[in-house]
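First the structure, in the form of structure tokens, and then the observations on it.
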Amino acid sequence: MRHGTKERSDPPGPPAPSDPPGAWTRYDRAGREGDGTGGLRAASWEERLAALEGPDRPLPLVALRCADRVEPVRERARALLREALDEEPPAEVVAGVALPVAGRRHGGWGRELLAEQLAHARVREVLLFAADPVTRRFAHRTALDAGLLPAGRAARAAAWDPDRRVRAMCLAVVADVPGARAADLDVLVASKWPDARAAGVGALGATGRGAAAERFLADRSGAVRAAAREAVRADGGRPADWCRARCAEAGRWPYAPVGLAECAERTDGDTALLRELTGHPTARVRASAVAGLRALDPGAWQGVLPLLDDPSAAVVREAAKTLVENAHRVPVEALAARTAPDRSYLQRSHALRVLAKSYRTEAFVELMRMLDDPHPTLRSRAALAASRRSWLGYGTTPRQAAELLDVLDRHADAHTWRAARIREGLARVRERG
């Protein structure tokens with residue numbers, strides 16, 4: 001290979017007739033982005049036109065040729081594609097090629113043909129249920145604009161389609177319509193997707209069914225709980241009373257504690273209730289209670305600190321969130337004890353997370369000591385945290401400064417751009433001793 005030139009790789013071979021549409025568009029793109037010696041552009045226009053004839057022509061190739069730069073090739077491919085769609089609707093295969101090339105100079109025709117074909121129910125159903133999310137977005141948007149998607153069908157798509165953009169399109173015409181049908185809202189509130197449930201619950205309040213939204217005050221999603229609070233209040237209900245009652249059976253309603261915290265006024269009784277639930281045998285209830293305490297009583301971190309030792313990752317995660325907000329108050333020695341190598345990685349990781357937000361000299365010392373930690377990930381995180389603030393050794397004792405300088409010498413791989421400044425600060429402290 002000559003200096004200054006790139007080694008040229010052989011273009012990929014053409015797809016087989018049975019390959020999915022994406023293989024054809026990738027092959028075509030590879031030729032376009034290369035030097036023109038590969039891909040579908042390599043053939044002359046006569047050869048491209050000849051490849052369209054015969055019973056074994058791949059339909060994705062026909063769809064690609066509908067955007068060809070040569071008019072005779074284009075026109076022949078378009079005629080063949082219309083025939084194929086009229087005889088039997090392989091619409092999903094066509095859409096898998098026509099939509100990705102729709103932005104080309106002559107590519108819009110394929111998209112327009114698909115929009116026209118959506119008037120036929122058999123084509124519409126194929127595209128609405130296509131595996132490709134881009135195809136489903138196109139089909140739903142076009143069908144909605146043309147009034148071809150009944151409210152019930154839109155509600156089902158809004159509730160169950162895995163693509164967020166499809167759900168958003170359909171939600172706009174279901175949940176926001178005054179007087180939406182009860183059956184459509186029931187479909188939405190049963191969805192596994194929080195955005196669909198939240199829209200459905202919000203519409204319950206707008207249609208005078210706020211009482212039916214009460215059970216969503218203990219939903220696992222904060223957005224759904226917020227929609228439920230508005231719906232229940234619009235119906236004259238008291239969300240806090242409902243959540244408080246469900247906390248008595250929190251095993252069945254594990255998110256009732258956080259739901260209570262979000263709608264209750266701060267009272268000693270509710271705070272005491274949530275503290276009691278941090279000891280519940282169900283991990284989801286404990287995590288919910290910790291999250292609720294954080295929202296209701298930010299100063300309750302003292303009771304949360306022992307939950308860094310909880311066996312549940314969800315509980316430890318919620319406890320760490322609470323402690324991070326109060327990191328400047330949490331005793332450093334309590335955190336340092338939980339970063340010891342004999343503790344679980346879960347405890348050590350989240351204790352380090354709180355230490356990194358403490359911004360105190362004692363915390364800096366512990367972070368620097370963790371450069372000796374046997375776990376490479378924790379070592380790296382500790383080094384990064386120690387370098388984020390310009391502690392520079394101020395506040396350390398001469399003995400600590402000497403210790404930390406030794407740590408730095410042992411771990412040159414952990415140095416960051418601040419390491420030299422940290423070293424200078426520690427060296428000054430050590431010299432003063």
Side-chain angles (χ1 to χ4, degrees), residues 11-34 38-43 48-49 51-69 73-146 148-149 153 157 160-170:
S18 59
D19 282 346
W24 289 88
T25 54
R26 285 192 296 271
Y27 180 62
D28 182 53
R29 186 168 59 249
R32 288 173 171 271
E33 294 174 351
L40 297 175
R41 290 169 63 92
R48 297 203 297 276
L49 189 52
L52 295 176
E53 307 302 334
D56 296 329
R57 55 180 173 258
L59 191 60
L61 176 62
V62 176
L64 275 172
R65 291 305 185 207
C66 290
D68 199 276
R69 65 186 185 277
V73 177
R74 232 175 23 245
E75 294 303 321
R76 179 57 178 155
R78 291 176 178 182
L80 291 171
L81 190 62
R82 276 194 178 277
E83 290 177 10
L85 288 175
D86 288 340
E87 293 171 3
E88 184 179 345
E92 186 171 357
V93 174
V94 175
V97 176
L99 295 178
V101 303
R104 295 182 186 174
R105 182 179 179 185
H106 302 290
W109 183 90
R111 180 171 55 194
E112 292 172 3
L113 175 64
L114 287 170
E116 173 188 316
Q117 291 289 317
L118 276 171
H120 303 295
R122 57 193 176 93
V123 175
R124 188 163 62 249
E125 288 305 304
V126 168
L127 297 186
L128 289 173
F129 288 99
D132 175 33
V134 174
T135 299
R136 292 202 311 280
R137 291 171 196 166
F138 164 80
H140 281 86
R141 180 171 55 250
T142 306
L144 286 168
D145 290 345
L148 297 174
L149 203 63
R153 178 64 184 82
W160 303 115
D161 197 283
D163 186 74
R164 187 180 183 91
R165 289 171 65 178
V166 171
R167 295 199 304 273
M169 280 187 274
C170 294

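What you are looking at is a predicted structure, and each value in this text was computed from that prediction instead of being measured.
For the atom pair CG (L59) and CG (L81), the distance works out to 6.0 Å, reported to the nearest 0.5 Å. With rounding to the nearest 0.5 Å, the separation of CG in L148 from OG1 in T142 is 9.0 Å. Atom CZ of residue R78 and atom CG of residue L113 lie 9.5 Å apart, to the nearest 0.5 angstrom. Atom NE2 of H120 and atom CG of L85 lie 9.0 Å apart (nearest 0.5 Å). The CG atom of L64 sits 6.5 Å away from the CZ atom of R104 when rounded to the nearest 0.5 Å.
Between E92 and A131, the shortest heavy-atom contact is OE2-N, 2.9 Å. The minimum heavy-atom distance between L128 and R136, with the atom names listed, is O-CD, 3.4 Å. Between G107 and A67 the shortest heavy-atom distance is CA-CB, 3.8 Å. The nearest pair of heavy atoms linking H140 to A157 is NE2-CB, 3.6 Å. Contact detail for W109 and C66: the closest heavy-atom pair is CZ3-SG, 3.8 Å. Of all heavy-atom pairs spanning R153 and F129, the tightest one is NH2-CZ, 3.3 Å.
Partners of R137 under the salt bridge (Lys or Arg N to Asp or Glu O under 4.0 Å) rule, at least two apart in sequence or in another chain, are D163. Shown here are the side-chain contact (heavy atoms from CB on, under 4.5 Å) partners of A95, two or more places apart in sequence or in another chain: L99, L114, L127, T135. Taking the side-chain hydrogen bond (donor to acceptor under 3.5 Å, both in side chains) definition, one finds that H106 meets it with R74, sequence neighbours left out. In this structure R164 satisfies the salt bridge (Lys or Arg N to Asp or Glu O under 4.0 Å) test together with D195, sequence neighbours excluded. A search for side-chain hydrogen bond (donor to acceptor under 3.5 Å, both in side chains) contacts involving R76 returns E53, not counting sequence neighbours.
Contacts classified as salt bridge (Lys or Arg N to Asp or Glu O under 4.0 Å) and involving residues 107-119 (residues at least two apart or in different chains) are given here: R82-E116.
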